Amino acid sequence: MPTLVLDEPGKKIDLSDVDTDPPNNITKEEAQERLRALSDELFELQDLLWGARTHSMLIVLQGRDAAGKDGAIKHVAGAFNPRGINVVSFGVPTPEEREHDFLWRVHRHAPRKGEIAIFNRSHYEDVIVVRVHDLVPKSLWKERFDHINDFEELLTEHNTIIVKFFLHISKAEQEKRLLEREKDPKTAWKLNANDWKEREKWGDFSDAYEEVLERCSTKNGPWHIVPADSKWYRNLVVAEAVRDALKPHRKTWQEKLERDGRAREAELAQFRAQKA
Ligand code: AMP
Ligand code: MG
């Protein structure tokens, strides 16, 4: 899979050089078949995560308007048991949120043990949209890369497994999707003049994303640049990356559940012995 995974800081990325199309060696049918098979595996891994209660997971989705954040969430979250999933969307900060530091509203949604939190936009908006629209002075947002890295390190120390996705679409594909929304009464509710306004700042957003990818890619919080012009490929890439992040823990979680199971059995045996 040619998806770019960045797991250390310092690599300069030129997004205009990165594919937004799927590779040639996979068809839509193959991708959908693989995604179906993955769903069972994701469900099972989440069950272990939930039962073992030793880890949590944070999935961050970023991307331009119409990049497919909602669609990716629908497909990935759809594989899981809703019991342990928390989807959080971050929009324009409320007056209360603005009176706190930028991580305040984010930290309270960090996943608890056993849970998976999916962020539709995130703390990264505070170095992306905020930068593009000059919402805070540069001296302030420049400091935020370090704050973000420290924050994610803190979550990692608390056994949060972090995966971050940049859904990478082309300018032409974005235009196509925005225009399609106008044609379909079922999606017209998504129309937003602001999307067209943001589109005029395409290059500024690219610069902002490129600096995020360069500065906030870490071993414990890798960024995946997902070619997102085809929805079927995007869904597969995201689902596989989530599976790959969970899978190394499978054995540990299974062992923990077996230990817990034996402890419960012993308690039950003791209870029965006392009654006898
Ligand atoms: P949507 O994701 O389409 O519902 O739109 C949410 C909007 O909120 C987007 O235009 C974001 O750029 C904006 N947004 C999210 N976080 C922030 C932030 N921290 N500061 C300013 N705008 C934000
Ligand atoms: Mg939008």
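Sequence positions, counted from 1, serve as the residue numbers for this chain. Read the numbers this way: they start at 1 and go in the same order the structure lists the ligands and their atoms. Below, each value reflects all heavy atoms present in this structure, side chains not excepted, and no hydrogens, waters or symmetry copies. The shown structure was predicted, so the numbers you read here are calculated from the model rather than taken from an experiment.
- Between the side chain of D204 and the backbone N or O of V132, no donor-acceptor pair lies under 3.5 Å.
- The aromatic rings of H249 and W253 lie parallel to each other, with less than 30° between the two planes, well short of the 60° mark.
- Side-chain N or O atoms of R98 include none that pairs as donor or acceptor with a backbone N or O of V92 at under 3.5 Å.
- Ligand 1 has at least one atom lying under 4.0 Å from a heavy atom of R105.
- With 3.5 Å as the limit, one finds no donor-acceptor pair spanning the side chains of E173 and H168.
- Looking at D195 and R64, no side-chain N of the basic residue comes within less than 4.0 Å of a carboxylate O on the acidic one, giving no salt bridge.
- Only the side chain of V130 comes within 4.0 Å of ligand 1, counting heavy atoms alone; its backbone N, CA, C and O stay farther away.
- Between atom 19 (N) of ligand 1 and the options D126, D65, L61, the minimum heavy-atom separation is to D126.
- When each of V5, V237, D7, V60 is tested with H224 by the rule side chain to side chain contact (heavy atoms under 4.5 Å, CB included), just one qualifies, namely V5.
- Within ligand 1, counting atoms from 1 as listed, the ones closer than 4.0 Å to a heavy atom of L135 are 21 (C).
- The closest heavy-atom contact to atom 5 (O) of ligand 1, among the options R121, R64, R98, E97, comes from R121.
- For Q174 and R199, the side-chain atoms include at least one donor-acceptor pair closer than 3.5 Å.
- Contact annotation for V129 and ligand 1: only side-chain heavy atoms (C-beta onward) come within less than 4.0 Å of the ligand.
- Neither the backbone nor the side chain of N120 has a heavy atom within less than 4.0 Å of ligand 1.
- Across G91, S89, P93, heavy-atom proximity to atom 15 (C) of ligand 1 is greatest for G91.
- Not a single N or O atom of E198, backbone or side chain, sits closer than 3.5 Å to an N or O atom of ligand 1.
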